[in-house]
Amino acid sequence: MVKVSVIVLANGNENGLNKCVDSVLKQSYKDFELIVMCRQQNDELINKFQDNSQFKIYVDESKNLSMLRKEAINQAKGEYFTFIDPRDFLIDEKTLEKLVILSNEEDSDLIISSYMLLKQGRFLFKNVDTQIISYNRFRAFQLSENEFRSLNGTLIKRNLFEKINDYNLPVQLLLTSLAEGAQNILYAGLNAYVCVAENNEDRDLELVWGKGSEFHFSNTYSIVEENRIEQYKPKISSTIEVALCIDDNVVDYMETLIYSIYKNTSSYVNVNIIYKELSDESLDKLAWIDEKMSTVNVRPVQISEELHKSLKKISLGHDKWQLPISSYYRIFLADILPDVDRIIYLDADTLLTGDLTELWRTDLEGNFLAACLDEKAYMKKAVSVLNPRRREYFNSGVLIFDLYLFRKYKIINSFLDFLVDTTDLYALGDQDALNLYFLDAVKLLDSSWNYGVPSYKKYTGVNDVKLLHFYERTKPLRSPYDDYVSDDKIKEFARLYRKYYHEAAELTEYRNSNSKISIIITAHSANEDFFKSLGSLSYQLYPNKEIIILDVTEDNKLRDKIKPIVNTLSYLVYYNCSGRDVAEVKKFAVSRSTGDHLYFLDSPNYINASFVLGELNEIMVKNKADMVTSTMMIYHPGENNLIGYGTDDKEVDVSSESIEDLQSRYPGNDYNMLTGHIFDKKLFNNLEELNFADEKQLMAKILAKAEKKMRKNSYYWVEVRN
């Protein structure tokens with residue numbers, strides 16, 4: 001059996017000391033000594049245990065806590081030490097026995113035991129899996145767990161204290177020094193040490209931070225200090241290098257982002273598309289974009305299988321946002337692009353509105369990277385891995401990397417090891433890890449270069465926004481307009497993104513969108529129902545479109561609301577049709593439309609997915625059809641009830657069915673109304689023969705003219721019945 005020295009540092013706080021001592025002396029493991037260091041005489045304890053050789057009490061009013069601790073360690077005879085606060089106690093008589101057994105079984109020289117909190121008469125504990133942890137994980141746990149900031153409840157091998165020179169360190173840093181010298185650190189989920197919160201006091205231990213090495217996860221900060229002393233000046237090429245790390249899920253953002261770079265940047269730009277697997281269609285689209293933008297060189301760069309396997313080591317899926325593996329490619333840019341010494345990394349959901357040349361020429365001042373403060377930095381009650389230095393927490397969606405320094409100091413492998421070891425402990429994956437690993441090695445940029453759209457109100461002093469970042473789940477290409485209506489500023493940003501999206505589509509004229517779709521929407525009110533309808537059209541991914549708004553409301557409310565939107569989105573055409581016959585207005589809109597195909601929608605009805613127009617158009621082109629019909633659902637707002645008639649998502653040729661059958665056999669009466677179909681505009685030739693006031697009769701004429709009629713049995717639009 002190994003001897004354990006149990007040390008209690010009373011330091012003038014003897015409330016509860018008797019209970020603390022009793023919990024130790026009743027331990028089933030008997031090879032221990034109990035050393036109590038007091039700053040005042042405790043006759044009750046002395047008399048109670050004066051004949052007990054395991055109990056030693058020392059009284060010294062002159063020494064502070066650090067000196068008492070050092071004195072206790074010098075007096076102790078045990079091979080292992082454990083510490084107990086005089087307010088606390090051990091939950092049962094087997095606590096020491098369990099610690100010693102674990103130490104032997106795991107060959108551990110340092111055990112951190114999970115706490116149980118006694119507060120307001122209730123025992124609070126957490127479930128912890130007993131595990132050997134690395135020094136990096138120990139440091140990461142210090143960010144959130146009290147037991148990693150205190151000696152209390154630990155079991156420490158004596159030889160670890162022999163390496164300690166300064167006992168005046170704060171106790172957290174003392175424990176950190178012990179952990180740094182330990183061979184095997186064990187985190188034990190015993191919940192055997194009871195931390196007592198008397199009178200509802202807060203027993204949380206404040207995290208000790210510093211500018212020195214006492215709380216850095218790497219030596220990057222010291223390298224930066226050397227770079228500044230040596231006045232390191234990197235060579236900055238005239239051509240800007242940009243990295244976008246993607247997969248097929250975000251290819252639809254590339255055209256807009258690259259176009260925004262092309263439109264706003266005064267320098268030549270190499271856009272390096274870093275990927276593992278992309279479909280032939282995605283690669284074709286990137287090649288097409290490259291041809292259309294003369295000052296931007298789009299270069300797809302495929303990562304190796306070996307590198308991809310390295311990334312799979314990371315505990316993906318444990319971070320809060322479940323980031324795709326492609327988001328971690330940025331870590332390896334120094335290896336992926338060995339001939340590039342500086343690069344700007346951009347998330348796919350960003351939009352450049354300023355000149356990237358200004359960002360490119362930023363002086364990094366010897367730092368490994370530059371970044372902008374994250375929204376967390378602006379929140380008074382933010383909880384992040386950099387508390388309490390939260391005002392230095394950066395967002396990793398826009399970064400400038402000095403890749404030369406990464407290669408010179410072999411940063412990638414050490415950072416990857418750190419990331420693999422600790423990612424599952426973070427809320428925000430590698431963003432948290434980057435903040436910790438490069439603490440004091442980052443140049444902080446003005447937030448105008450990474451302006452988080454969802455949290456813009458928290459940013460102060462930013463007037464000239466140069467780069468927008470849509471970093472929450474709601475994206476301008478994937479979320480309906482009504483997701484943004486709660487805030488006019490966010491609506492403005494969403495419209496701006498869609499403006500760039502449309503301009504990019506017009507410039508590239510990509511082959512999958514050769515046919516232009518004219519969408520005619522009739523507005524019957526100026527309320528949010530109309531804007532939901534309009535939004536469902538505006539966020540359609542199909543780019544080659546025009547939206548013709550027919551305002552048949554009786555006042556000017558809609559005109560005033562719609563004007564700023566029309567001014568932003570060039571594909572919107574607005575007609576004030578107040579007092580005019582609706583049927584004649586629709587006929588007028590068809591005559592003024594410039595598209596190859598037509599689609600009709602009456603507010604408050606709406607399309608319920610962003611890909612609908614694109615898919616209907618694809619079916620039309622593929623089958624050389626004259627019209628394609630989709631299925632509707634019916635929504636009753638008063639009952640909050642959505643009703644469908646059953647679909648199988650199949651594409652069906654209904655050309656052989658009679659007009660009578662088409663207009664009678666389908667439960668949703670799809671073929672009795674204009675909405676829900678995409679038409680070849682040629683079907684509307686000879687408009688004078690068409691009566692838009694009687695849609696059933698109008699549809700019968702159109703069905704008669706359409707030779708090839710396809711149907712997509714999918715719920716693609718919603719009819720709202722008030």
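All values derive from a computational prediction rather than experimental measurement. In this chain, residues are counted from 1 in sequence order.
- Every side chain to side chain contact (heavy atoms under 4.5 Å, CB included) that Val224 has, sequence neighbours left out, goes to Arg228, Asn367, Phe368, Ala441.
- Every ring pair (Phe, Tyr, Trp, His ring centres under 6.0 Å) that Tyr193 has, sequence neighbours left out, goes to Tyr115.
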Task: Chi angles and distances behind the side-chain hydrogen bond (donor to acceptor under 3.5 Å, both in side chains) call for Ser150, Gln172 - done: CA-CA 6 Å; Ser150 170; Gln172 173 196 314; over 6 Å; no
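- For Tyr187, the ring pair (Phe, Tyr, Trp, His ring centres under 6.0 Å) partners two or more places apart in sequence, or in a different chain, are Phe141, Phe148.
- Among pairs with a residue in residues 75-103, those fulfilling ring pair (Phe, Tyr, Trp, His ring centres under 6.0 Å) read Phe81-Phe161, at least two apart in sequence or across chains.
- Side chain of Asp88 to backbone of Ile84: no donor-acceptor contact under 3.5 angstrom is found.
- For the side chain to side chain contact (heavy atoms under 4.5 Å, CB included) test, residues two or more places apart in sequence or in another chain that qualify with Ala192 are Ile91, Thr95, Leu190.
- In this structure, the side chain of Gln431 engages the main chain of Ser396 through a donor-acceptor pair within 3.5 Å.
- Nearest heavy atoms, Arg203 versus Asn146: O-ND2, 3.7 Å.
- Closest approach of Pro86 and Ala10 over heavy atoms only: CG-CA, 3.7 Å.
- With Ser108 contributing its side chain and Ser103 its backbone, the two residues share no donor-acceptor pair below 3.5 Å.
- For the residue pair Asp109/Asn184, the side-chain donor-acceptor check at 3.5 Å is not satisfied.
- Sorted by first then second residue, the side-chain hydrogen bond (donor to acceptor under 3.5 Å, both in side chains) pairs that include residues 155-167, not counting sequence neighbours, number zero.
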Open item on the list: Go through it in stages, so that I can follow the logic: the residues are Arg149 and Glu206, the test is salt bridge (charged side-chain N to carboxylate O under 4.0 Å, His left out), and I'd like the CA-CA distance, side-chain angles, deciding distance and then a yes or no.
Closed with: CA-CA 8 Å; Arg149 305 176 192 172; Glu206 185 176 349; over 6 Å; no
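- Classification of the Tyr404-Tyr232 ring pair by plane angle, with boundaries at 30° and 60°, yields parallel.
- Ion pair Lys94/Asp92 not flagged as a salt bridge, since none of the NZ, NE, NH1 or NH2 atoms sits closer than 4.0 Å to an Asp/Glu carboxylate oxygen.
- By the 6.0 Å contact criterion, CD on Glu305 is enclosed, its count of non-hydrogen atoms from other residues, nucleotides or ligands being greater than 12.
- A donor-acceptor pair shorter than 3.5 Å cannot be found between the side chains of Thr422 and Asn136.
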TODO: Go through the steps to decide whether Lys408 and Asp341 satisfy the test salt bridge (charged side-chain N to carboxylate O under 4.0 Å, His left out), and finish with yes or no.
DONE: CA-CA 11 Å; Lys408 179 180 179 179; Asp341 287 339; over 6 Å; no
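- Arg342 pairs by the salt bridge (charged side-chain N to carboxylate O under 4.0 Å, His left out) definition with nothing, not counting sequence neighbours.
- For the residue pair Glu97 and Ser28, a side-chain donor N or O sits within less than 3.5 Å of a side-chain acceptor on the partner.
- Under a 3.5 Å cut-off, the side chain of Thr220 and the backbone N or O of Tyr437 do form a donor-acceptor pair.
- Between Glu365 and Lys443 a salt bridge is recorded (basic side-chain N to carboxylate O distance below 4.0 Å).
- Salt bridge Glu33/Lys77: absent, no basic N to carboxylate O contact under 4.0 Å.
- The ring pair (Phe, Tyr, Trp, His ring centres under 6.0 Å) with Phe438 is formed by just one residue from the set Phe217, Phe406, Tyr409, Phe418; it is Phe406.
- The side chain to side chain contact (heavy atoms under 4.5 Å, CB included) test applied to Asp347 returns Arg330, Tyr345, Asp349, Thr350, His469, not counting sequence neighbours.
- Residue-environment remark: NZ (Lys30) exceeds the threshold of 12 foreign heavy atoms within 6.0 Å.
- Between the Thr82 side chain and the Thr154 main chain, a donor and an acceptor come within less than 3.5 Å of each other.
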Open item on the list: Walk me through whether Asp432 and Tyr393 qualify under side-chain hydrogen bond (donor to acceptor under 3.5 Å, both in side chains).
Closed with: CA-CA 8 Å; Asp432 282 350; Tyr393 184 87; 2.5 Å; yes
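- Every side chain to side chain contact (heavy atoms under 4.5 Å, CB included) that Ala371 has, sequence neighbours left out, goes to Phe394, Leu399, Val442.
- Evaluation of the salt bridge (Lys or Arg N to Asp or Glu O under 4.0 Å) test over residues 128-138, restricted to residues two or more places apart or in two chains, returns Arg137-Asp424.
- Sorted by first and then second residue, the pairs that involve residues 116-127 and meet side-chain hydrogen bond (donor to acceptor under 3.5 Å, both in side chains), not counting sequence neighbours, are Lys126-Glu145, Lys126-Glu147.
- Applying the ring pair (Phe, Tyr, Trp, His ring centres under 6.0 Å) rule to Tyr329 yields no partners; only residues at least two apart in sequence or on another chain are considered.
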